Every structure is written in C-alpha cells, then in structure tokens.
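Here's the structure we're looking at; comments come further down.
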Amino acid sequence: MVLDQTPRTDTYHVDGDRLLTKEDGTSHLSYANLAVALIDEVGPQAPQTHIAVAD
C-alpha cells in the first residue's frame, strides 16, 4: 500500500477485510482520499467491521 500526497480525486473504492490492488498488484491511496473515506465510512451509522480503502 502506497500512501502519498497526490490531490484528492473524490473517488475511492471500499471493500471488506482485504487489500485492494490493481491488475498489476499495486495498491495506492492518497492521504486526501483516506481522510474523505474515514469521514464517509466511519461513523455511528457504519457497522463495526474492517474496511479496505484504495484509489
């Protein structure tokens, strides 16, 4: 998983308890998209579970 400072894209993918990878096996998430995903996906309405997030 690569975290970097690329600009926010307003798109990210969410899945269960597994690493999300591209066809070439890499996984990427910007800090900006991670922050948005945390706000969107973690909250009182969210079930108590693990989630995976990637650009």
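Here the structure is a predicted model, which means the values were calculated and not measured.
- Once rounded to the nearest 0.5 Å, the distance linking CG of L20 with NE2 of H13 reads 8.5 Å.
- T6 is linked by a side chain to side chain donor-acceptor pair (under 3.5 Å) to D4, counting only residues two or more places apart in sequence or in another chain.
- Considering every non-hydrogen atom in both V53 and L29, the closest pair reads O-CD2, 3.8 Å.
- Residues V2 and T26 are not in side-chain contact: their nearest non-hydrogen atoms beyond the backbone lie 4.5 Å or more apart.
- Residue P7 comes nearest to S30 through the heavy atom pair O-OG, 4.1 Å, listed as atom of the first residue, atom of the second, then distance.
- Formation of a donor-acceptor pair under 3.5 Å by the T21 side chain with backbone atoms of S27 is not found in this model.
- Atoms CG and OH, on L34 and Y12 in that order, are 10.0 Å from each other to the nearest 0.5 Å.
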